[in-house]
Amino acid sequence: MRPKRQLAMVFDLNKCLGCHTCAIACKTQWTREEGMEGMWWTVVNTLPGQGTPKGWEGMGGGFAPDGRQRPSRIPGREEFGDAWQFNQKEVLFEGTASHLEPRNFKGEKPSWGPNWDEDEGAGEYPNSHFFYFPRLCNHCTHPACLEACPRGAIYKREQDGIVLIDDQQCKGYRFCMEACPYKRIYYNHVQLVSQKCIFCFPRIDQGVAPACARQCPGRMRFVGYLDDERGPIHKLVHQWKVALPLHAEFGTGPNVFYVPPLSPPQVSATGKPDPSKPRIPLEYLEGLFGPRVREVLGVLEAERAKKARGEASELMDTLIVYRWPDDIFPDFRKDPATL
Ligand code: SF4
Ligand code: SF4
């Protein structure tokens with residue numbers, strides 16, 4: 001069943017600070033119960049990098065071009081990084097250890113964490129590069145998680161297409177975790193159910209933007225309906241076509257779109273810039289966002305140059321977000337403190 005409307009987000013990667021305020025806003029709002037310690041429904045990875053869970057892009061899932069499910073597997077707790085325990089008691093009260101040390105859920109020294117490779121990036125000096133990359137459930141149009149659930153516990157809301165797991169129906173089989181190609185579902189080892197981003201639907205229902213978007217100091221998370229021709233989402237995705245889905249080839253029709261990152265030109269060992277070679281390789285960005293990346297970066301450069309010359313650019317004005325919150329989530333402007 002197709003929903004009447006579809007809510008979506010656009011993330012302008014040129015504005016993400018890597019501050020993780022979004023992740024903390026989500027954590028403090030939704031994932032504080034038992035068994036949720038290691039959950040980051042929205043996470044900000046550094047790219048190029050392995051992400052969360054480790055190496056998720058190579059785990060399969062989603063649909064092949066012929067519509068068949070692509071083989072996949074369930075990521076393990078160690079691959080997600082889980083939540084670490086620290087030896088505060090020994091250091092602060094017993095004096096039996098001199099410094100804090102993390103331990104994973106097995107009591108061992110961890111070899112991976114939710115953001116283990118933060119700020120590492122790729123490339124060789126002077127052309128090393130990275131960018132921040134927020135991720136969450138894409139509330140897909142063709143959700144692989146929903147199709148995989150034998151309990152019918154996953155559904156798309158008719159009014160806005162938000163994908164939810166009914167935890168009364170869920171029996172923790174984790175077929176959804178296996179099927180989701182973005183690996184954005186976590187397993188609650190205490191409550192024995194699968195859990196994921198709920199697009200802050202109780203806030204949406206009252207006209208309040210999701211916590212990650214409202215708290216974002218970079219003002220890079222746009223929220224709205226895809227069919228709202230006056231809103232920024234429709235303009236960025238359909239009118240100007242500068243916001244692209246992540247790994248569209250996974251076949252699930254993601255509803256989170258990304259404005260790809262611009263980067264300075266590569267420089268030679270003597271410091272001479274080569275404008276034909278951006279610091280972040282185009283091939284890498286094409287691997288994430290598909291073949292239109294070059295065209296989109298060209299549009300962004302051209303509009304940015306217009307603005308620099310003092311000419312009008314509606315696209316740049318939209319991305320800059322002069323009027324907050326009106327320009328970034330016009331249908332969800334309400335201050336939660338007023339509720
Ligand atoms: S991103 Fe994964 S969990 Fe979210 S709707 Fe798509 S398939 Fe389901
Ligand atoms: S709060 Fe905004 S700027 Fe900060 S990491 Fe999240 S998306 Fe990026």
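Note: hydrogens, waters and symmetry copies are ignored here, and every other heavy atom, side chains too, is used. Just so it is clear, the structure is predicted and the values come from calculations on it, not from any experiment. Remember, it's 1-based here, ligands and their atoms both numbered in the order they're listed.
Close approach of ligand 2 to P217 is summarised as follows: ligand atoms under 4.0 Å from at least one heavy atom of the residue are 1 (S). Residue A144 has at least one heavy-atom neighbour below 4.0 Å for each of these atoms of ligand 1: 7 (S). If you number the atoms of ligand 2 from 1 as listed, the ones under 4.0 Å from a heavy atom of C216 come out as 1 (S), 2 (Fe), 3 (S), 7 (S). Heavy-atom proximity to C22, at under 4.0 Å, picks out these atoms of ligand 2: 1 (S), 5 (S), 6 (Fe), 7 (S). Residue N138 has at least one heavy-atom neighbour below 4.0 Å for each of these atoms of ligand 1: 1 (S), 4 (Fe). Short contacts between ligand 1 and I185, defined as distances under 4.0 Å to a heavy atom of the residue, involve ligand atoms 3 (S). Close approach of ligand 2 to R221 (heavy-atom distance below 4.0 Å) involves ligand atoms 7 (S). Residue contact check: H20 has heavy atoms under 4.0 Å from atoms 4 (Fe), 5 (S) of ligand 2. Taking a cut-off of under 4.0 Å to the non-hydrogen atoms of Y182, the atoms of ligand 1 that pass are 1 (S).
A salt bridge links K89 with E94: at least one charged nitrogen is closer than 4.0 Å to a carboxylate oxygen.
Taking the six-membered ring for Trp, F257 and F11 have ring centres at least 6.0 Å apart.
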_Run L300 and L319 through side-chain contact (heavy atoms from CB on, under 4.5 Å) and show every step you take._
CA-CA 10 Å; L300 294 174; L319 291 173; 3.9 Å; yes
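Atom 2 (Fe) of ligand 1 has no N, O or S atom of C145 under 2.8 Å away, backbone or side chain. Put simply, C16 stays out of reach of atom 4 (Fe) of ligand 2, with no N, O or S atom under 2.8 Å from it.
Residue, atom and distance of the protein heavy atom nearest to atom 4 (Fe) of ligand 1 are C137 SG, 2.4 Å. Taking atom 3 (S) of ligand 2 as the reference point, the nearest protein heavy-atom neighbour is L17 N, 3.3 Å. Looking only at protein heavy atoms, the nearest one to atom 2 (Fe) of ligand 1 is C180 SG, 2.3 Å. Ranking protein heavy atoms by distance to atom 5 (S) of ligand 1, first place goes to C140 N, 3.4 Å.
At least one heavy atom of K196 sits less than 4.0 Å from an atom of ligand 1.
A cation-pi arrangement is found for K54 relative to W112, the charged atom lying closer than 6.0 Å to the ring centre and inside a 45° cone about the ring normal. For the pair R135 and W56, the cation-pi criterion (under 6.0 Å, within 45° of the ring axis) is fulfilled.
With values rounded to the nearest 0.5 angstrom, C180 atom SG is found 5.0 Å from I185 atom CD1.
When only modelled atom types and interatomic distance are considered, Q50 and D117 share no side-chain donor-acceptor pair under 3.5 Å. One side chain, Y132 or D119, offers a donor N or O that lies under 3.5 Å from an acceptor on the other. In this model, no donor atom of one side chain and acceptor atom of the other lie less than 3.5 Å apart for Q6 and H139. A side-chain donor from one of R221 and T42 sits under 3.5 Å from a side-chain acceptor of the other.
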